[in-house]
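Encoded as structure tokens, the structure appears first; notes follow it.
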Amino acid sequence: MSALLTRRDTRLDAARAIAIVLVVLGHARGIPGGFALLVFSFNVPLFFLVSGWVTTVHGQARSDAQALVRLARGLLLPYLGFFLLAYLYWLLTRHIGEKAARWGDLPWWDPLLGALRANGPGLYVQPALWFLPALFVTVLAFRPLVRRLPPSLLAAVAAAVAWAWIAWFPPLGLRLPWGLDVLPVALFFFACGAAVGRPPARARAFLEWKGMALLLAAAWLPLAWLNGRVDVNMLRFGQWPPLFLLVALLGAGMVLGVAARIGHWPAVQWIGRNTLLILGTHFPVFFVLSGVRSLAGVQSPPGLGWALGVSVLALLAAVPLRWILVRWAPWMLGVAPPSREPAVGMPEAGRR
């Protein structure tokens, strides 16, 4: 493995670490709206982009059947496991505190229907899990397409499709199951990641340039603020949806530039290798802590201090939770035998 590829692996883990920490902070109650606006302008696209890059680094499975099995093991089994844990907690607590007002009248089976649809509105017991089935269908769509088109050309075609899709489909007010309504957008960023994974000499030099993050941040910040709040899961792409594609690429590139500088930090590497775990556990930790806060009689609305505190606790909780799951339910982390290839993207979190 070349030195560049080694650095690239480090950068990818660091990019995942930055992205998941920002996700946790962005989901915490009490976080300022401006912070969430900026973070979600690029965070989900960054995950799809990094997943496409990982595909280039590790290569594709020998057959479609192998790919399907590997993806199901690395994405769908964790999806099922983390959902069931959150669902059991929901069943036990849905008549307590503010949950009673929000979900107390819903039948016990309503979250199960949401899990089958596997998109944002129905996954209220574990909102972050929507990404896993969305990534699953994205990889399945990418595989046959990349056999016919090189990643750079596929990204260009996908950009046109995504542009048209986000301008046309969300106003219809419809939702498709399993992230199919997110697929055109996800496929664009996934193909961009695959293309970046095999850059020409000039692009490689730019990726290695120390000033890349600052340059991209200077362009990203005003455009992200201008476009407004983005929520890919809910098919919201800001005030000017086509601008979202550019803003997301600028933000993702900015994070990759920062990741190149901090990729050797041990804590960053650990978080980057455990993104799947943190994705699947941070909302349940938030729910438990909010329940304790409610039972304690705290009436004031959560503020920035609460948001930072619960985010730190959610990240720290990943350490013992990983120890427990690796020993008792490794399939929830996408853990594979050492002789096999790692699963695409997020399931890097479960590697031993």
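Because only heavy atoms are used, hydrogens play no part in the values below, and waters and symmetry mates are left out as well, while side chains stay in.
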Point-to-point distance, once rounded to the nearest 0.5 Å, from [atom1] of [X] to [atom2] of [Y]:
X    : Y    : atom1 : atom2 : result
L276 : L333 : CG    : CG    : 6.0 Å
L325 : T281 : CG    : OG1   : 8.0 Å
N43  : D231 : CG    : CG    : 11.5 Å
L71  : T138 : CG    : OG1   : 10.5 Å
L22  : F35  : CG    : CZ    : 5.0 Å
R16  : L279 : CZ    : CG    : 12.5 Å

Next on the checklist: For F286 and F283, take the angle between the two ring planes, folded into 0 to 90°, and tell me which bin it lands in: parallel under 30, tilted 30 to 60, perpendicular over 60.
Outcome noted: perpendicular
Do [X] and [Y] share a hydrophobic cluster, counting only Ile, Leu, Val, Met, Phe, Trp and Tyr and linking them when any side-chain heavy atoms are less than 4.5 Å apart?
X    : Y    : value
V312 : V21  : no
V268 : L316 : no
W270 : W323 : no
L277 : W328 : no
L92  : L84  : no

Does a side-chain heavy-atom distance below 4.5 Å link [X] with [Y]?
X    : Y    : answer
R11  : W53  : yes
L68  : L140 : yes
L112 : F83  : yes
H282 : V23  : yes
I278 : V24  : yes
R147 : P144 : yes
Q269 : T10  : yes
P32  : L304 : yes

For [X] against [Y], the heavy-atom pair lying closest together:
X    : Y    : result
A307 : R29  : CB-O, 3.4 Å
P241 : N227 : N-OD1, 4.3 Å
A213 : M254 : CB-O, 3.6 Å
G334 : P78  : N-CG, 3.9 Å
W220 : S41  : NE1-OG, 3.0 Å
A14  : G263 : CB-CA, 3.6 Å

Item to check | side-chain contact (heavy atoms from CB on, under 4.5 Å) assessment of W130 paired with V44 | outcome: CA-CA 11 Å; W130 75 270; V44 169; 3.7 Å; yes
Looking at [X] versus [Y], is the centre-to-centre ring distance below 6.0 Å?
X    : Y    : answer
F40  : H27  : yes
F244 : F237 : yes
F188 : F48  : no
F287 : Y89  : no

Checklist outcome for this item: Test ring pair (Phe, Tyr, Trp, His ring centres under 6.0 Å), reference F142, set F189, F190, F136, output is F190
Checklist entry - Checking side-chain contact (heavy atoms from CB on, under 4.5 Å) for the pair L249/C192: CA distance, chi angles, key distance, verdict? => result CA-CA 9 Å; L249 286 179; C192 286; 4.1 Å; yes
Next on the checklist: Whether R293 engages the ring of W306 as a cation-pi pair (distance to the six-membered ring centre under 6.0 angstrom, angle to the ring normal within 45°) should be assessed.
Outcome noted: yes
Next on the checklist: Using side-chain contact (heavy atoms from CB on, under 4.5 Å), reason through I262 and I18 one step at a time and then give a plain yes or no.
Outcome noted: CA-CA 10 Å; I262 66 173; I18 295 170; 3.8 Å; yes
List, one per line, each side-chain donor-acceptor pair under 3.5 Å for residues 153-182, sequence neighbours excluded.
unit_1, atom_1, unit_2, atom_2, d
W165, NE1, D181, O, 2.8
R175, NE, D181, OD2, 2.6
R175, NH1, N233, O, 3.0
R175, NH2, D181, OD2, 3.4
R175, NH2, N233, O, 2.9
W178, NE1, L116, O, 2.9
D181, OD2, L176, N, 2.9

Checklist entry - Checking side-chain contact (heavy atoms from CB on, under 4.5 Å) for the pair D13/I271: CA distance, chi angles, key distance, verdict? => result CA-CA 8 Å; D13 280 335; I271 294 173; over 6 Å; no
